[in-house]
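Worksheet for the structure shown next.
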Amino acid sequence: MEQLTLIGPLNQVIPMTGISLKGAVSDSQLKIIENAGILFVGGLIKIVDSYKKLEAEVKDQDVKLIRLEGNHICLPGFIDSHTHICFGGSRARDYAMRNAGKTYLEIAEEGGGIWDTVQQTRKATKKELIKGIIKRAKQHLKNGVTTIEVKTGYGLSVKEELKMLHAIKEADEEFPLDFVSTCLAAHMLPRDFKGNSSEYLSEISEKLFPIIKKEKLSNRVDAFIEKGAFNESEIAPYLSKAIEMGFDITIHADQFSVGGSEVAVKFNAVSADHLEASTSHEIELLAKSDVISTALPGASLGLGCSFTPARKILDAGGSLAIASDHNPGSAPMGDLLTQSAILGTMQKLTNAEVLAGITFRAAAALKLTDRGKLKAGYLADFNLFHTANFNEILYNQGAFKPCMVYKKGNLIYNKHNS
Ligand SMILES: [Zn+2]
């Protein structure tokens, strides 16, 4: 769409500019442009400024005007940098067993856990997986998410991981959100693999990685470092190989026990996600590095565990993204706004810190430099909320959703029409 377009007037535009990538942020650091408009063309933002000024500026040009009635505020499209929304089946049985007091191990022994989802996902056709991804992505769109990361990790063989990667790619082509895929073949050692963890990982890196590269299916590799998943010595050669082949690294780190974040720092990962178990040692390490720490409050809610020490990470000078971890086991809610608001309350985060965590800091966790802020040259991905004051959004604990969502300058969701 090459049409020059002006949208407004907006009571407030929160461009999320002028805030550093790392460290604590006070609400007074949030830039607010009052009575603003956004001028965009070709899917990119041209100018964010006073509506009156922009109106005068485009007066003699061929411009499409989207004149808004009533109160509206505008924020960048949200970025969910960690999800597992490509899967088959349900784990409702795990939820019941967990709340009835069964341990992780007992649930796995009774046929639950990740392996259950692996079997359901393997049974599903690619078409069924695509349908599931889009169904869940629609829910994220209603929350104002315009870019979503999606991991594999329920295939756990070369063939089945490829099926997942193709499903994610085709969902991306079919649905207007941007999907960023990540290979999480290192989710767990598949029970039907004849060999040990190291043998499994070398098979994946030797056989799957080259195909992913050749078919351009992903440029990200994730690994679950945890007791019962993979340890540092098993994962090191796997990550080295991935880096050698040009993949970006991200790590499921310190969820129940520490160790993962040290690996993330050592291998220069773009992000270390979870961190519920991180102590001051890990927090210091992360804060000194360029690794983005990602909090996943949905998993804490799902498992009844402690939250990521987000306040401490920010105070130590680290960068914090917040993601939904939407997955069938521990985080089936998939509601980024609600979870971010809850994390904000539980960890005493400022509104500015929470909003940074689901916009430009989340973009950095995906190494995306063209979104997460409203400024010239960035994607025209933005959310409109029916209110005069942006503080209403998180205050309403996720119950207050955007009324309109724009992706690359196109209206892709309108609450009034759905
Ligand atoms: Zn995860």
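Indexing begins at 1, ligand by ligand and atom by atom, following the structure's order.
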I need the OD1(Asp325)-the Zn ion (ligand 1)-NE2(His252) angle, rounded to 10 degrees.
170°
Ring-face cation contact, Phe382 with Arg371, 6.0 Å cut, 45° max
no
Apply side chain to side chain contact (heavy atoms under 4.5 Å, CB included) to Pro190 and list each qualifying residue two or more places apart in sequence or on a separate chain.
Trp115, Arg122, Leu156, Asp192, Phe193, Tyr200
Does any N or O in the side chain of Glu282 come within less than 3.5 Å of the main-chain N or O of Thr279, such that one atom is a donor and the other an acceptor?
yes
I'd like to know: is the Zn ion (ligand 1) within the 2.8 Å range of an N/O/S atom from His274, strictly under that distance?
no
Pair His82 and His326, ring centroids less than 6.0 Å apart:
no
Got an N, O or S from Asp222 under 2.8 Å of the Zn ion (ligand 1)?
no
